[in-house]
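Shown next, in structure tokens, is the structure this report addresses.
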Amino acid sequence: MHSIWLSGAEWLAVLRIGLGLWWLESWRHKDKKAWFERGTGITWAADVAGKHKWPVVKRGFERFVAPRPRLMAHVVVYAELALGLGLVVGFLTPVALVAGFLLNLLYFVLMIHDWAEQGQNAMMALISLAAFGAMAWQTWSLDHTIGLF
């Protein structure tokens with residue numbers, strides 16, 4: 001593959017790093033005190049799930065998230081941080097790409113009524129899929145440096 005500035009593998013690394021920065025921004029802009037102490041993120045998600053047009057979303061939320069709101073708040077917040085860091089530095093990249101893809105699909109389904117959120121999550125999922133398929137951990141990554149993948 002020929003390109004003007006970087007090689008194809010380097011452009012894939014740029015895409016992977018950009019996706020990681022997107023996850024880090026998602027983590028950065030959350031009010032952690034509100035999420036952890038007041039449960040605002042899970043309360044908001046409960047409201048969205050309760051009004052969702054697909055009953056399976058409400059049932060899933062009530063079964064898995066509602067019984068453990070503090071744990072789920074930590075899982076969401078720290079998953080976004082871990083995904084961001086993993087993708088930026090290229091550590092456990094395939095795992096981060098698959099986990100990010102699944103988290104974006106979950107967000108996509110939860111936010112089915114919000115076109116802006118759907119667009120963001122669809123793009124992030126698509127980037128995860130492309131980066132995974134192209135093995136974007138082969139350039140500029142700890143995975144490649146230490147021979148992990």
Side-chain angles (χ1 to χ4, degrees), residues 1-32 34-36 39-42 44-46 48-49 52 54 56-149:
M1 175 180 184
H2 299 285
S3 102
I4 296 172
W5 184 34
L6 301 172
S7 71
E10 291 169 336
W11 279 117
L12 287 166
V14 168
L15 192 63
R16 182 200 81 227
I17 293 165
L19 180 61
L21 292 172
W22 203 341
W23 278 115
L24 287 175
E25 174 55 24
S26 182
W27 172 79
R28 185 201 64 80
H29 84 265
K30 282 184 174 48
D31 181 348
K32 277 68 146 187
W35 268 72
F36 298 149
T40 57
I42 301 303
W44 169 81
V48 171
H52 205 281
W54 297 347
V56 68
V57 172
K58 181 179 181 181
R59 285 193 308 269
F61 187 90
E62 289 172 351
R63 181 168 182 183
F64 296 106
V65 180
R68 45 192 86 73
R70 289 183 56 85
L71 172 65
M72 289 297 143
H74 283 82
V75 167
V76 168
V77 170
Y78 290 116
E80 291 180 355
L81 174 62
L83 290 169
L85 292 174
L87 292 171
V88 168
V89 302
F91 184 64
L92 299 175
T93 311
V95 175
L97 289 168
V98 170
F101 177 80
L102 293 173
L103 190 55
N104 280 126
L105 286 182
L106 183 66
Y107 290 171
F108 184 85
V109 168
L110 182 63
M111 298 303 297
I112 199 84
H113 68 282
D114 186 332
W115 289 99
E117 280 290 322
Q118 279 189 315
Q120 172 179 310
N121 288 298
M123 290 307 302
M124 291 176 79
L126 182 60
I127 292 168
S128 294
L129 188 61
F132 183 83
M135 300 188 311
W137 53 87
Q138 297 178 61
T139 302
W140 301 339
S141 74
L142 288 176
D143 291 334
H144 180 73
T145 301
I146 64 176
L148 196 52
F149 295 102

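With a 4.5 Å cut-off on side-chain heavy atoms, Phe149 and Met135 do not count as touching. Within the 4.5 Å cutoff, no side-chain heavy atoms of Trp5 are placed close to those of Glu10. Using a 4.5 Å heavy-atom cutoff, the side chains of Asp31 and Thr40 are not in contact. Under the 4.5 Å side-chain criterion, counting only non-hydrogen atoms from C-beta, Leu87 is in contact with Thr93. Between Trp35 and Val76 the shortest side-chain heavy-atom distance falls below 4.5 Å. Counting only heavy atoms from C-beta outward, the side chains of Ser141 and His144 approach each other to under 4.5 Å. In this structure, the side chains of Leu24 and Leu85 come closer than 4.5 Å at one or more pairs of heavy atoms. A heavy-atom distance below 4.5 Å is found between the side chains of Leu19 and Ser128.
Residue-environment remark: NZ (Lys32) exceeds the threshold of 12 foreign heavy atoms within 6.0 Å.
Residues in residues 89-133 take part in these ring-ring contact (aromatic ring centres under 6.0 Å, His included) pairs, two or more places apart or across chains: Phe132-Trp137.
If you take CG on Leu105 and CE on Met124, they are separated by 11.5 Å, rounding to the nearest 0.5 Å.
Checking side-chain atoms of Lys30 against main-chain N and O of Glu25 turns up no donor-acceptor pair under 3.5 Å. In terms of modelled atom types and a separation under 3.5 Å, the side chain of Asp143 and the main chain of Leu92 share a donor-acceptor contact. Under the 3.5 Å distance criterion, the side-chain polar atoms of Glu80 are left unmatched by any main-chain donor or acceptor of Trp23. A distance-only check finds no donor-acceptor pair linking the side chain of His74 to the backbone of Leu71 [under 3.5 Å]. Arg16 places a side-chain N or O within 3.5 Å of a backbone atom of Trp140 that can act as its donor or acceptor partner.
Summarising the geometry of Ala79 relative to Leu103, their closest heavy-atom pair is CB-CD2, 4.4 Å, with the distance given to 0.1 Å. In terms of heavy atoms, Met72 sits closest to Phe64 at CE-O, 3.8 Å. What you find for Leu83 and Ala99 is that their closest heavy atoms are CD2-CB, 3.9 Å. Pairing each heavy atom of Ala66 with each of Pro69, the nearest pair is O-CD, 3.2 Å.
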Val109 and Val57: CA distance, side-chain angles, deciding distance, side-chain contact (heavy atoms from CB on, under 4.5 Å) verdict: CA-CA 8 Å; Val109 168; Val57 172; 3.7 Å; yes
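Each of Leu106, Asn104, Val98 was evaluated against Leu102; a single residue qualifies, Val98, per the side chain to side chain contact (heavy atoms under 4.5 Å, CB included) test.
Residues satisfying the ring-ring contact (aromatic ring centres under 6.0 Å, His included) criterion with His52, sequence neighbours excluded, are Trp54.
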